[in-house]
2 protein chains.
Amino acid sequence: MVVDRSVEALNEACRSRGIRLTGQRKAISEVMARAQDHPSATDIHELVTRKHPRISLATVYRTLSVLRDAGIVEEHRFGEGRCHYELADGPHHDHLIDAETGQIVEFTDPEIERLQHAIAERLGYRLTGHKLELYGVRAGDADQG
Amino acid sequence: MVVDRSVEALNEACRSRGIRLTGQRKAISEVMARAQDHPSATDIHELVTRKHPRISLATVYRTLSVLRDAGIVEEHRFGEGRCHYELADGPHHDHLIDAETGQIVEFTDPEIERLQHAIAERLGYRLTGHKLELYGVRAGDADQG
DNA sequence: ACCTCAGTTGCGAATTGTTCGCAGCTGGTG
DNA sequence: CACCAGCTGCGAACAATTCGCAACTGAGGT
Ligand SMILES: [Mn+2]
Ligand SMILES: [Mn+2]
Ligand SMILES: [Zn+2]
Ligand SMILES: [Zn+2]
């Protein structure tokens, strides 16, 4: 299955970077590979607990930091509150957050990526990163509670 | 001076919204009107303390929330850590953050604003808000530590 | 197979930024 | 000038994340 390939890719990525491959890390990688949404650290902790009942939240945070620094996962701070994480495979994308349901929709737009570079350049900068979040409500939905 | 006019505008905005005009709030408004950067709550607290030595940080936070909810100030969560605040007069703009110095550069770009609406629409949403932050380093700067 | 030890973990305490609870104070209306 | 809903200061509470430390363990060497 696809998850196995992803997990193996993650393990290989760890090994090749000299990151020690522990049971906890494998379990976290598996959860990340399986996740289709953008789970928070506590979400991930809860999921991993099924295989590793004694894993601590601190370990989840530490592992996510390691994977983030290795470029394997991406960390997002949507709106306020906790961080959300996702696998950094695939090409770059940004997010639209449904302001009513909190649902996260991914999108890519080459034009907006290009424009951001152009804007930075115009201001005398070289773009090194960006954060783009759209907030919206489903079009045509009556907004009645 | 320009600050006086801004402060009077703020006071009037408060009055017209039924928000009580206390000495602390006037002082915070004055600090906000005078600020050219994007101060944090503790920055603002420190500045306000010069006129109101006994003002508490909680009051600064509460007042900023009131002004935010009234649409008078804007709250930003750049990167991580504390929130930054600025007066919400003038037209909408976004921010480029110098990744090396932390300096914040403001910009407006009608094209990128338009594109965001178009993207949301394409995804079946009506855009209600967005967050756009560019991170960059000054072009042509040698990057040697 | 076993040793070894730097890297990793679990635990709880610390940190950071922000909010809350509450008793006392005060702006502004009558 | 009295009144009281709205504010304030204070410290404690909170939420998310990080840290300190002693115990543990992966993986390379023997
Ligand atoms: Mn995503
Ligand atoms: Mn600004
Ligand atoms: Zn992007
Ligand atoms: Zn914008």
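Keep in mind that the numbers below use all heavy atoms, side chains included, and drop hydrogens, waters and symmetry copies. Just so it is clear: chains get the letters A, B, ... in the order the sequence lines come, proteins before strands, and each one is counted from 1.
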Would you say A:Gln24 reaches C:dG10's phosphate, i.e. side-chain N/O to OP1/OP2 under 4.0 Å?
yes
Quick test of your reading of the model: are B:Glu30 and B:Lys26 salt-bridged, counting only N-O distances below 4.0 Å?
no
Looking across every strand, which nucleic acid part, if any, lies under 4.0 Å from A:Arg82 by heavy atom: base, sugar-phosphate, or nothing?
sugar-phosphate
Using the salt bridge (charged side-chain N to carboxylate O under 4.0 Å, His left out) rule, collect all pairs that involve residues 108-122 of chain B, keeping only residues at least two apart or in two chains.
A:Asp109-B:Arg122, A:Arg122-B:Asp109, B:Glu111-B:Arg114
With axes from five pairs an end, tell me the bend angle of the helix from C:dA1-D:dT30 to C:dG30-D:dC1, nearest 10°.
30°
State, to 0.1 Å, how close B:Thr108 and B:His92 come at their nearest heavy-atom pair, and which atoms those are.
CG2-O, 3.1 Å
Considering non-hydrogen atoms only, spot the tightest contact between B:Glu74 and B:Ala88 and give its length.
OE1-CB, 3.9 Å
Measure CG/B:Leu67 against P/D:dC7 and give the value in whole Å, please.
11 Å
Regarding A:Glu106 and A:His93, do their side chains bring together a donor and an acceptor under 3.5 Å, going by distance alone?
yes
How many Å lie between OH on A:Tyr61 and P on D:dC19, as a whole number?
13 Å
Between C1' of C:dT18 and OH of B:Tyr85, the distance in whole Å
8 Å
Any side-chain N or O of A:Thr22 less than 4.0 Å from the OP1 or OP2 oxygen of D:dG26?
no
Between A:Arg25 and D:dG26, is there a side-chain N or O to OP1/OP2 distance below 4.0 Å?
no
Scan side-chain atoms only and decide if A:His130 and B:Glu133 contain a donor-acceptor pair under the 3.5 Å cut-off.
no
Kindly state whether the ring of A:Phe78 and the ring of A:His95 have centres lying under 6.0 angstrom apart.
yes
Neighbours of DNA chain C within residues 39-55 of chain A, by heavy-atom distance under 4.0 Å:
A:Arg54, A:Ile55
